[in-house]
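A short write-up of the structure that comes next.
Side chains are part of it too, since the values below use all heavy atoms of this structure and drop only hydrogens, waters and symmetry mates.
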Amino acid sequence: MRKLMLLVVLLFIPAVILHATGQTLPLFDQLDVDRNGLLNKDEASKVKALIAMFDELDVNGDQYLSLSEFEAQ
């Protein structure tokens with residue numbers, strides 16, 4: 001569990017830094033294969049820690065993660 005939490009922290013620290021500068025998150029852009037501005041479960045599955053938290057992060061329950069949901073972690 002500690003390794004998972006560390007991985008999550010390491011994945012999302014850049015989001016905080018980039019959000020503060022107004023830039024988009026490179027990881028989000030890399031995962032968003034279809035370039036629709038949303039991550040589905042297939043796209044998110046490339047990062048084990050992200051797919052493990054997908055339903056929790058998907059606050060509106062639409063089965064997609066928006067950039068704001070992704071960054072909220």
Side-chain angles (χ1 to χ4, degrees):
M1 184 65 160
R2 266 187 107 140
K3 288 182 181 181
L4 175 63
M5 292 304 291
L6 178 59
L7 178 59
V8 169
V9 169
L10 292 175
L11 285 174
F12 292 103
I13 285 174
V16 173
I17 294 168
L18 292 172
H19 180 70
T21 63
Q23 298 177 14
T24 60
L25 181 65
L27 178 59
F28 185 91
D29 292 339
Q30 290 174 17
L31 295 173
D32 184 17
V33 177
D34 61 8
R35 302 288 183 240
N36 67 348
L38 301 167
L39 298 181
N40 59 40
K41 284 188 176 184
D42 184 53
E43 292 169 325
S45 70
K46 307 299 186 268
V47 178
K48 289 181 183 181
L50 180 58
I51 195 63
M53 299 174 56
F54 189 94
D55 291 331
E56 183 180 332
L57 293 173
D58 181 19
V59 294
N60 65 359
D62 67 355
Q63 298 299 303
Y64 293 95
L65 294 182
S66 65
L67 181 59
S68 62
E69 289 172 321
F70 182 83
E71 289 180 329
Q73 176 49 37

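- Of all the heavy atoms in G37 and F28, the pair that sits closest is O-CZ, 3.5 Å.
- Linking ILVMFWY side-chain heavy atoms closer than 4.5 Å, directly or via other members, places L57 and Y64 in two distinct hydrophobic clusters.
- At a threshold of 4.5 Å between non-hydrogen side-chain atoms, the residues E69 and L39 do not count as touching.
- One hydrophobic cluster, built from ILVMFWY side chains closer than 4.5 Å, cannot hold both L50 and L38; they sit in different ones.
- Separating the CG atom in D42 from the CG atom in N40 is a distance of 5.5 Å, to the nearest 0.5 Å.
- When hydrophobic clusters are built by joining Ile, Leu, Val, Met, Phe, Trp and Tyr residues whose side-chain heavy atoms come closer than 4.5 Å, directly or via intermediates, L65 is grouped together with I51.
- Closest approach of K46 and L31 over heavy atoms only: CB-CD2, 3.7 Å.
- Between the CZ atom of F70 and the CG atom of L27 there is a distance of 4.5 Å, given to the nearest 0.5 Å.
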